[in-house]
Amino acid sequence: YYWQVNVRNNDVEREGEVWSFYSKLCSPKNLTAEDYNIYPGDTNTCSTKLMWDSIAEAKRYHVYVNGEKKWIDAESNEYTLSGLSYGEPYEVQVSAIYDYNEEERESDKTEAITIQVAGYAPFVSGSIANEINFENISGANVVFSGTDQFGEEVEYTCTTSNDGSYTLEYVLVGTYT
């Protein structure tokens with residue numbers, strides 16, 4: 001909004017300064033992720049698609065990850081966040097960019113959503129032996145059953161080889177029995 005006060009009397013007319021202010025800019029709403037808890041593996045490249053409601057007046061969007069501007073000049077209302085790795089959670093927010101008289105204005109950021117990547121061990125191995133004579137046992141079933149770090153129930157099974165050894169691959173971080 002702009003306004004100007006002009007003063008006029010019988011002899012003189014003076015134009016005042018032009019003043020302006022901006023109303024609060026609409027922030028994007030309904031920020032969501034295709035996956036909040038990402039499980040790495042052959043079919044997942046540790047990425048997730050972000051989506052939010054578009055704003056007709058917005059020129060583009062900025063995506064923030066852990067407070068740092070990750071992606072600028074997004075002209076659509078979705079973005080694929082990639083290159084994620086196990087460790088600290090990722091806090092994600094989005095803001096809208098508006099163009100007012102050749103001057104850019106940025107809205108407030110959305111509420112943050114949290115994205116996490118599961119940790120895993122490339123393999124867990126061991127051997128099974130008889131308690132009495134310590135001979136290796138072949139053909140034994142080995143079962144790891146429990147919950148992963150996101151609270152999902154998981155189970156890993158394998159059978160020991162001729163020398164009593166076993167190997168489980170890509171075991172997620174969690175609690176197992």
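Computed from a predicted structure; not experimentally measured.
Proximity of a side-chain donor or acceptor of Ser54 to a complementary backbone N or O of Asn77 within less than 3.5 Å is not detected. Without hydrogens or angle criteria, Thr160 side chain to Gly139 main chain gives a donor-acceptor distance under 3.5 Å.
Residues Val142 and Cys158 form a side-chain contact, since some pair of their non-hydrogen atoms from C-beta on lies under 4.5 Å apart. Side-chain contact between Tyr36 and Thr114: absent, with no pair of heavy atoms (C-beta onward) separated by less than 4.5 Å. No side-chain heavy atom of Thr32 sits under 4.5 Å from any side-chain heavy atom of Ile113. Considering only heavy atoms from C-beta on, Phe150 stays 4.5 Å or farther from Leu172 through its side chain. Counting heavy atoms from C-beta on, the side chains of Trp52 and Thr110 never come closer than 4.5 Å.
By the side-chain contact (heavy atoms from CB on, under 4.5 Å) test, Ser138 is found to be paired with Asn162, residues two or more places apart in sequence or in another chain being considered. Every residue was checked against the side-chain hydrogen bond (donor to acceptor under 3.5 Å, both in side chains) condition with Thr80, not counting sequence neighbours, and none meets it. Not counting sequence neighbours, the partners of Ala112 by the side-chain contact (heavy atoms from CB on, under 4.5 Å) test are Glu91, Gln93. Judged as a side-chain hydrogen bond (donor to acceptor under 3.5 Å, both in side chains), and not counting sequence neighbours, the contacts of Ser95 are Glu106. In this structure, the salt bridge (Lys or Arg N to Asp or Glu O under 4.0 Å) partners of Lys49, at least two apart in sequence or on a different chain, are Glu78. Scanning for side-chain hydrogen bond (donor to acceptor under 3.5 Å, both in side chains) contacts around Asp53 gives Asn30, with sequence neighbours left out. Listed by chain and residue number, nothing satisfies the side-chain contact (heavy atoms from CB on, under 4.5 Å) test with Phe134 (two or more places apart in sequence, or in another chain). Remark: Tyr166 pairs with no residue by the side-chain hydrogen bond (donor to acceptor under 3.5 Å, both in side chains) rule, at least two apart or across chains. Contacts of Asn133 classified as side-chain contact (heavy atoms from CB on, under 4.5 Å), with partners at least two apart in sequence or in another chain: Asn130, Glu135.
Under the 4.5 Å side-chain contact rule for hydrophobic residues, Leu81 and Val94 share a cluster. Note on Ile38: it clusters hydrophobically with Tyr79, by side-chain heavy-atom contacts below 4.5 Å among ILVMFWY residues. The hydrophobic cluster containing Tyr61 also contains Val63, counting ILVMFWY residues as joined when their side-chain heavy atoms lie under 4.5 angstrom apart, directly or transitively. Under the 4.5 Å side-chain contact rule for hydrophobic residues, Tyr170 and Val143 do not share a cluster.
Note that the CD atom of Gln116 and the OH atom of Tyr90 stand 11.0 Å from one another [nearest 0.5 Å]. Going from atom OG of Ser165 over to atom CG of Asn136 covers 8.0 Å, rounded to the nearest 0.5 Å. Between the CD atom of Glu169 and the CZ atom of Phe123 there is a distance of 9.5 Å, given to the nearest 0.5 Å. Taken to the nearest 0.5 Å, the NE2 atom of His62 stands 10.0 Å off from the OG atom of Ser107. For the atom pair OG of Ser27 and CD1 of Ile55, the computed distance is 6.5 Å after rounding to the nearest 0.5 Å. Here CE of Met51 is found 9.0 Å from CG of Leu31. Values are rounded to the nearest 0.5 Å.
Ring geometry for Tyr156 versus Tyr176: interplanar angle over 60°, hence perpendicular rather than tilted (30 to 60°).
When every heavy atom of Ala96 is checked against every heavy atom of Cys26, the shortest pair comes out as CB-O, 4.0 Å. The two residues Thr48 and Ala33 make their nearest non-hydrogen contact at OG1-CB, 3.9 Å. Nearest heavy-atom pair across Cys46 and Val117 is SG-CG1, 4.0 Å. The minimum heavy-atom distance between Ser125 and Thr167, with the atom names listed, is CB-OG1, 3.6 Å.
Other residues, nucleotides and ligands place more than 12 heavy atoms under 6.0 Å from the CD atom of Glu155.
Partner Ile115 forms a side chain to side chain contact (heavy atoms under 4.5 Å, CB included) with one of Val65, Asp35, Leu84 and no other, that one being Leu84.
Other members of the hydrophobic cluster containing Val173, listed by chain and number, are Tyr86; membership follows side-chain contacts under 4.5 Å among ILVMFWY residues, whether direct or relayed.
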For residues 6-16, tabulate all N or O donor-acceptor pairs below 3.5 Å that involve a side-chain atom, not counting sequence neighbours.
residue	atom	partner	partner atom	Å
Asn6	OD1	Gly16	N	3.4
Asn9	OD1	Asp11	N	2.8
Asn9	OD1	Val12	N	2.8

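Pairs passing the side-chain hydrogen bond (donor to acceptor under 3.5 Å, both in side chains) check and including a residue from residues 143-153, sequence neighbours excluded, read Tyr39-Asp148.
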